[in-house]
Structures are given as C-alpha cells and as structure tokens.
Peer 1: 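This structure is in structure tokens; I'll ask about it shortly.
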Amino acid sequence: QLQASGGGLVQTGGSLRLSCEASGFTFDDYAIGWFRQAPGKEREGVSCVNSAGNTYYSDSVKGRFTISADIARNTVYLEMNSLKPEDTAIYYCAASTTSFGLHTMSIGLRGYFGSWGQGTLVTVSS
C-alpha cells in the first residue's frame, strides 16, 4: 500500500516536497516512481528511483526535481523546486517489484508499476 502526501497550492518558483510511504512492501528489488496527470492529459512518468540507486527524471523536470529514498522510513520523497504552472497535476506514486521498472518509465511505460497510491494534487499559480 502506498500513501502519497505533500501536495498543495504554491506560486510559480516555489517548492514542495511530496512523500510516498510504502507499507507491506519489501525494499529489496524495487522501483518507486512518481507519475502525474494534468486535466485532459495522459498520465506521464516524472521521476523514479530503484534499488540499484539509479534515478530517472523526465526532461520537463530535470534539474528542478530531486527524488530520494529513505529505506529506514519506507518512504520516497520528491523534492520539487522552481515550480511552474505546467507542473500543476495530480501526482501519483507507484511501485514496481523490480528495479527494471525505472527503465520502463524512461520509455513511457507504466505496466511494471503494479501498486499505486491515491494521488496528491499540486497546483502552481502564475
């Protein structure tokens, strides 16, 4: 089970930190990622971290977002800086039971992510 939190309303240029707490999940071979879906748009992969220590960022967030995993707390964080109105979306965290899930996100797939959180809304005002 995944619990996402940390969304909210922020002005352009502001920051937010999203948290994804995983319960009943073994942090052995895994990939945990953040997807987002804006109104009228497809859900897209934003960032991911896996058990090999690899990270992935979409081009639209590279250099502004940072993903990290705190295994002791069973939590993955997404630090979002320099937020833009186009970052407005519902953000979902999702888990894959294989580190390979990260690579599937990088090519636009999400089928390897079998567990999903409920989503948290991020709104960036201009």
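If you read the sequence from its start, that first residue is 1, and numbering goes on from there.
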Peer 1: Can V61 be reached from L16 by stepping across I, L, V, M, F, W or Y side chains whose heavy atoms are under 4.5 Å apart?
Peer 2: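 Same cluster: L16 reaches V61 through Ile, Leu, Val, Met, Phe, Trp or Tyr contacts under 4.5 Å.
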Peer 1: Can you tell me if Y91 and R36 form a side-chain donor-acceptor pair at under 3.5 Å?
Peer 2: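 Yes, because at least one side-chain N or O of Y91 sits under 3.5 Å from a partner of the opposite role on R36.
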Peer 1: Treating N74 as the side-chain partner and E21 as the backbone partner, does any N or O pair qualify as donor plus acceptor under 3.5 Å?
Peer 2: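 No; judged by distance alone, with no hydrogens or angles, the pair does not exist.
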Peer 1: Find the distance between CG (D28) and OG (S51) and round it off to the nearest 0.5 Å.
Peer 2: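 One finds 7.0 Å between CG of D28 and OG of S51.
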Peer 1: Within 45 degrees of the ring normal and closer than 6.0 Å to the centroid, is that where the cationic atom of R43 sits relative to Y92?
Peer 2: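 Relative to the ring axis of Y92, which defines the angle, R43 lies inside both limits.
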Peer 1: Quick one: side-chain contact (heavy atoms from CB on, under 4.5 Å) partners of S15, sequence neighbours excluded?
Peer 2: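 N81.
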Peer 1: To the nearest 0.5 Å, what is the distance between CD on E79 and OG on S19?
Peer 2: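 E79 atom CD to S19 atom OG measures 9.5 Å (nearest 0.5 Å).
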Peer 1: Tell me which donor-acceptor pairs under 3.5 Å the side chains of residues 62-72 have, and how far apart each pair is, sequence neighbours excluded?
Peer 2:
from	atom 1	to	atom 2	distance (Å)
K62	NZ	D59	OD1	3.3
R64	NH1	S82	O	2.9
R64	NH1	D87	OD2	2.7
R64	NH2	S60	O	2.8
R64	NH2	D87	OD1	3.0
R64	NH2	D87	OD2	3.4
D70	OD1	A72	N	3.2
D70	OD1	R73	N	3.3
D70	OD2	R73	NE	3.3

Peer 1: Enumerate the salt bridge (charged side-chain N to carboxylate O under 4.0 Å, His left out) contacts for residues 112-124, please, sequence neighbours excluded, ordered by first and then second residue.
Peer 2: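 Checked against salt bridge (charged side-chain N to carboxylate O under 4.0 Å, His left out) - neighbours excluded - no pair reaches residues 112-124.
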Peer 1: Less than 4.5 Å apart, any side-chain heavy atom of S47 and any of L78?
Peer 2: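 S47 reaches L78 side chain to side chain.
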Peer 1: Starting from V49, can I reach L18 by hopping between I/L/V/M/F/W/Y residues whose side chains sit under 4.5 Å apart?
Peer 2: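 Yes, L18 connects to V49 through the hydrophobic network.
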Peer 1: What pairs of residues pass the disulfide bond (SG atoms under 2.5 Å apart) test when at least one of them lies in residues 21-68, not counting sequence neighbours?
Peer 2: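 Every pair satisfying disulfide bond (SG atoms under 2.5 Å apart) with a residue in residues 21-68: there are none.
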Peer 1: Cluster question for you: counting only ILVMFWY and a side-chain heavy-atom cut-off of under 4.5 Å, with indirect links fine, are W34 and V10 together?
Peer 2: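 Per the 4.5 Å side-chain linkage, W34 and V10 are co-clustered.
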Peer 1: Applying side-chain contact (heavy atoms from CB on, under 4.5 Å), can you list everything that pairs with A22, at least two apart in sequence or on another chain?
Peer 2: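 In terms of side-chain contact (heavy atoms from CB on, under 4.5 Å), with neighbours along the sequence ignored, A22 is linked to L2, F25, F27.
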Peer 1: Are the side chains of Y56 and N54 in contact, using a 4.5 Å heavy-atom criterion?
Peer 2: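 No, their side chains stay 4.5 Å or more apart.
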Peer 1: Below 3.5 Å, can you tabulate the donor-acceptor pairs from side chains in residues 111-126 to any protein atom, sequence neighbours excluded?
Peer 2:
from	atom 1	to	atom 2	distance (Å)
W116	NE1	F113	O	2.9
Q118	OE1	A4	N	3.3
Q118	NE2	A4	O	2.8
T120	OG1	G7	N	3.0

Peer 1: Looking at A31, is its backbone amide N or carbonyl O close enough to the side chain of N50 to form a donor-acceptor pair, meaning the two atoms are under 3.5 Å apart?
Peer 2: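 Checking the backbone N and O of A31 against the side chain of N50, no donor-acceptor pair under 3.5 Å is found.
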Peer 1: Report whether V76 and L102 are members of the same hydrophobic cluster (ILVMFWY, side-chain heavy atoms less than 4.5 Å apart, transitive linking).
Peer 2: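 As far as the 4.5 Å side-chain criterion goes, L102 and V76 are not connected within one cluster.
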Peer 1: Is it the case that over 12 heavy atoms from other parts of the model lie below 6.0 angstrom from the CD atom of Q1?
Peer 2: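 Check fails, neighbour count at 12 or below.
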Peer 1: Grab the two heavy atoms, one from S58 and one from G45, that are nearest each other, plus how far apart they are.
Peer 2: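 It is CB-O, 3.6 Å.
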Peer 1: Minimum heavy-atom separation for G101 to T104, with atom names?
Peer 2: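 Scanning both residues, the minimum pair turns out to be O-OG1, 2.7 Å.
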Peer 1: I90, V46: one ILVMFWY side-chain cluster at the under-4.5 Å cut-off?
Peer 2: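 No; tracing contacts between hydrophobic side chains, which count when under 4.5 Å, never links both residues.
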Peer 1: Does the side chain of E44 reach to within under 4.5 Å of the side chain of F35, using non-hydrogen atoms?
Peer 2: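 E44 vs F35: side chains apart.
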